[in-house]
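Take a look at the structure set out below.
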Amino acid sequence: MIELMLLGQVGVFIHYFSGWVTASKEGKVYDLKKATPMAVLSSITTGLLVYLKDDIKELYVVTRFSAVALGYFGNSIFFKFFNTYRDWE
């Protein structure tokens, strides 16, 4: 599980690093104050979903690749799961 957690965090890093690279290429300043809370939330969400991988296996199977995808897509996947689960009940 530690491997999946780390791979998820790599996905979070890739997401925010690519945003920084894009801003730099466009000559803009990357707003770190604005991005930090969302990065922390993405990191927590990713860790939580990897931890709950057995409980969410009907919705999303957590593999090495999908752990990175969880990190990269962050909060949007979490809220999709939440809404899907809510619709089931």
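Atom set for the values below is all heavy atoms of this structure, side chains included, hydrogens, waters and symmetry mates excluded. One-based numbering along the sequence shown.
- Rounding to the nearest 0.5 angstrom, the gap separating the CG atom in Leu48 from the CG atom in Leu41 is 10.5 Å.
- The heavy-atom pair separating Lys53 from Leu4 by the smallest distance is CD-CD1, 3.9 Å.
- Atom NZ of Lys28 sits about 15.5 Å away from atom CH2 of Trp20, to the nearest 0.5 Å.
- Hydrophobic cluster membership differs between Val68 and Phe73, with clusters built from Ile, Leu, Val, Met, Phe, Trp and Tyr side chains linked at under 4.5 angstrom.
- Of all the heavy atoms in Ala35 and Tyr16, the pair that sits closest is O-CE2, 4.0 Å.
- Following chains of ILVMFWY side-chain contacts shorter than 4.5 Å, one cannot reach Tyr51 starting from Ile44, and the two form parts of different hydrophobic clusters.
- A distance of 4.0 Å separates CG of Leu32 from OG1 of Thr36, quoted to the nearest 0.5 Å.
- A single hydrophobic cluster is seen to contain both Met5 and Leu52, as judged by linkage of ILVMFWY side chains at heavy-atom distances under 4.5 Å, directly or through other members.
- A 4.5 Å side-chain heavy-atom check between Val62 and Leu49 finds every atom pair outside the cut-off.
- Judged by distance alone, the side chains of Ser66 and Thr63 do bring a donor and an acceptor atom under 3.5 Å apart.
- A chain of hydrophobic side-chain contacts below 4.5 Å, direct or via other Ile, Leu, Val, Met, Phe, Trp or Tyr residues, connects Val21 to Val12.
- Here the CG atom belonging to Leu70 is positioned 4.0 Å from the OH atom belonging to Tyr60, to the nearest 0.5 angstrom.
- Residues Leu6 and Val10 fail the side-chain proximity criterion, which asks for heavy atoms closer than 4.5 Å.
- In this model, a donor atom of one side chain and an acceptor atom of the other lie less than 3.5 Å apart for Gln9 and Ser43.
- Considering OH of Tyr72 and OG of Ser18, their distance stands at 4.0 Å, rounded to 0.5 Å.
- Atoms CZ and OG1, on Phe17 and Thr22 in that order, are 10.0 Å from each other to the nearest 0.5 Å.
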